[in-house]
Every structure is written in C-alpha cells, then in structure tokens.
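For reference, the structure discussed in these notes is given below.
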Protein chains: 2
Amino acid sequence: MKKDTSAKLMSVGLKVTPNRLAILEVFSSDCRPINAEYIFQKLQGQNINLVTIYRTLSTFEEKGILRFVNVHTDSAHYELAEHHHHHLICKDCGVIEEISICNKLLDKDALSQSKKFNFIESHSVEFFGVCKKCEA
Amino acid sequence: MKKDTSAKLMSVGLKVTPNRLAILEVFSSDCRPINAEYIFQKLQGQNINLVTIYRTLSTFEEKGILRFVNVHTDSAHYELAEHHHHHLICKDCGVIEEISICNKLLDKDALSQSKKFNFIESHSVEFFGVCKKCEA
DNA sequence: ATTCAGGTGCAAAACATTTGCATCTGAAGA
DNA sequence: TCTTCAGATGCAAATGTTTTGCACCTGAAT
C-alpha cells in the first residue's frame, strides 16, 4: 500500500517523494539484505541517481526505517527494520538464509554486563559457514 | 612468546616472516577490533607496506587466525579468533565495549532452523547503541 | 648451497561511498 | 490556489579503502 509507506515517511518527518517510495517498495518486495547497487539496478529506467540512493539509505537508517546488516562483504547491506530476523551467510557464494531466533534476552544479557551503555538500540546476529551447495 | 606465534603460523601452512609476527604482536597487545590503518600506524618505522597488511589480514582470516568484526564503519576490523567475545558499539563515537555473552547454543539454535547449511563456522554478535558519554 | 612457492613492495587501478554546489520540489502557510 | 523555503536531488568530482599486476625477494624444504 502506498498509503502505508507514505505514512511511514511522514511519521519520521521525511518528505514523501517518488524516489523514497520506490526505494521502500524495493525493500518490501525483496525482503532480504540488499545494497545500493542492487536498488539502482532494480530502479533502472525511472531516473534515479545512485547518490540519491546512498543518501536515502543513510537517512532511512538514521530514522530507524532500515537496519544495517553485516553480510561481511564489500558493500553495505540493509533491510527493513521491521523484518527483524538474523542471517546465515555462506562464505563462498554469499547466499543468505534468514532465521528467526531473535532473542530479546540477548539485549538484556549484554546490557547487564555493560559499564559504558545505558541502553541498546539494536543488535546484529549473523552466522557464517559454507552452504550445502558450496560444500559439495 | 614468539614461539607460540611462529607455531601458530606454521600450523596453518604459512611461512613465518617478520611482517606476520609483527602484525600478530599488534593483535596480541591490543585485544580489540582493529583495522589495517591502525596496524600500519603501530608498525611505522619497521618498513612494512600497507598492501602487505591488507593481504596478511585477508590470509589470516582465511586460515582462521583472525575473525572479521562488524563495527559498522568504513573500514574492516579484525580481532584474534581466539578472543571470542562480542561487542557493544556506540553509533556516535564508535567506542567498543567487549562483553562475553558468547553462547554456543546460538549456533545450535540457528542450525536447527536452517535448511541450507550443515554446519556453522562462526558467528558475529554486535550490539549498537549510544554510550553514556555521547548520551550526555 | 640450491631451489622455488609463496611473500613483499611499489605503482596504479578498482570500487564503494561522500561531498560541494546548483537546481528542483514537497508541503506548509498566506 | 499561489508563495515560500527547507529539504531533496542530480551531476561531477573527491575521498578513502581495498585490490591487482608485476618484478623482486626470502623462508624453508631438499
């Protein structure tokens, strides 16, 4: 729904623009960690600049719409913050499998050991291995 | 002990060189995630090339001596694989606090949900927030 | 002492990401 | 509906990290 995405933007004080809606749409239709270049490819033909994508990703992350995901590669990957799950990543081919062991207790445990932090905003849990295909 | 580090290199089939020993020493004396540039600074005066550091980090990671750490910044950070702990990272100033909630059960949980992997080699658990200093 | 795969330095390239600046546009107010 | 302007965007260029090609060097096995 375009209404949902517009509302999401306005609720964090961002202007609703075609570029932003398009980028959010890519994230909605493709729910796995993606990078700027991928979005750029997907939006070829609708006249959007790669720089704008970088700026938008960064803005969205600040506003809590997107979450940075460590896929252990060259480029920065993001996914919708509302899709809170973790990833199993193949060191060989880079395939990503999503799992949902999200454990709120983790944050609590971590915080209880911390001396320098009062609260935790987010966490990132990624597993690395070699997938069955690459293993063969 | 230089013997330990030499042995570590040989055990994974790498030649023992002054550069590699020096790099390992930096990691031993400074046990937190560091990047190539930092090592380069530390080893100023002993005639080591930045390129060599990049190559060495990459080699060490492949061999399981180092582990890549997602500190959510520009450059790639690593730490000794044997130092297995996790990190609380400040989104503002980048300060890193180490914690030790390492939980082997995590791997088990993750694997039990996976269809594409037979085993997990390593995991990465990082927490993000704003530290007390930056909060003030 | 010889040999050679693997390690290193140097220069240059490749790549992801950021920045400066001019222009445009969403949306708030008249 | 029209005006206004902070914020959004495009373009070109810069920045910073990491990689690569190539010639030379060196550890360690024989």
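Per chain, numbering begins at 1; letters A, B, ... match sequence-line order.
Screening residues 48-62 of chain B for side chain to side chain donor-acceptor pair (under 3.5 Å) gives A:H72-B:E61 as the qualifying pairs, with residues at least two apart or on separate chains. The salt bridge (Lys or Arg N to Asp or Glu O under 4.0 Å) analysis of residues 10-23 of chain A, with sequence neighbours excluded, yields no pairs. Residues in residues 27-40 of chain A take part in these side chain to side chain donor-acceptor pair (under 3.5 Å) pairs, two or more places apart or across chains: A:D30-A:R32, A:D30-A:Y38, A:R32-A:Y38, A:N35-A:S75, A:E37-A:Q41.
Not a single donor-acceptor pair under 3.5 Å links the side chain of B:E97 to the backbone N or O of B:L88.
Every residue two or more places apart in sequence or in another chain was checked for a ring pair (Phe, Tyr, Trp, His ring centres under 6.0 Å) with B:F40, and none qualifies. Every salt bridge (charged side-chain N to carboxylate O under 4.0 Å, His left out) that B:E82 has, sequence neighbours left out, goes to B:K8. Under the salt bridge (charged side-chain N to carboxylate O under 4.0 Å, His left out) criterion, A:E79 pairs with A:R67, not counting sequence neighbours. Residues satisfying the salt bridge (charged side-chain N to carboxylate O under 4.0 Å, His left out) criterion with A:E121, sequence neighbours excluded, are B:K91. Take A:E126 and apply the side-chain hydrogen bond (donor to acceptor under 3.5 Å, both in side chains) test, not counting sequence neighbours, and it matches A:H87, A:S124.
Taking atom CG of residue B:L43 and atom P of nucleotide C:dT8, one finds them 12 Å apart after rounding to whole Å. As a whole-Å value, the separation of A:E62 CD from D:dA8 P is 11 Å. Rounded to whole Å, the distance from CG on B:N47 to P on D:dC24 is 18 Å. In this structure, CZ of A:F40 is placed 15 Å from C1' of C:dC15, rounded to the nearest angstrom. Put simply, CZ on A:F60 is 13 Å from C1' on D:dT9, counting in whole angstrom units. Summarising the geometry, the separation between CD1 on A:I48 and C1' on C:dC24 is reported as 15 Å, rounded to the nearest angstrom. Here the C1' atom of nucleotide D:dG27 and the CG atom of B:L21 are 12 Å apart, to the nearest Å.
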What string of B, S and - do you get for nucleotides 12-21 of chain D, 5' to 3', when a contact is any protein heavy atom under 4.0 Å?
-> B----SBBBB
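Contact check, B:R20 against C:dT8: a side-chain N or O comes under 4.0 Å of OP1 or OP2. Contact check, B:N19 against C:dG9: a side-chain N or O comes under 4.0 Å of OP1 or OP2.
In the helix from C:dA1-D:dT30 to C:dA30-D:dT1, the terminal helix axes, each the rotation mapping four pairs' C1' atoms onto the next four within five end pairs, subtend 40°, rounded to 10°.
For the pair A:I34 and A:F27, the minimum side-chain heavy-atom distance is below 4.5 Å.
When hydrophobic side chains of Ile, Leu, Val, Met, Phe, Trp and Tyr are connected at separations under 4.5 Å, B:F119 ends up clustered with A:V130.
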Where do N or O atoms of nucleotides 27-30 of chain C meet protein N or O atoms at under 3.5 Å, pair by pair?
| unit_1 | atom_1 | unit_2 | atom_2 | d |
| --- | --- | --- | --- | --- |
| C:dA27 | OP1 | A:V16 | N | 2.8 |

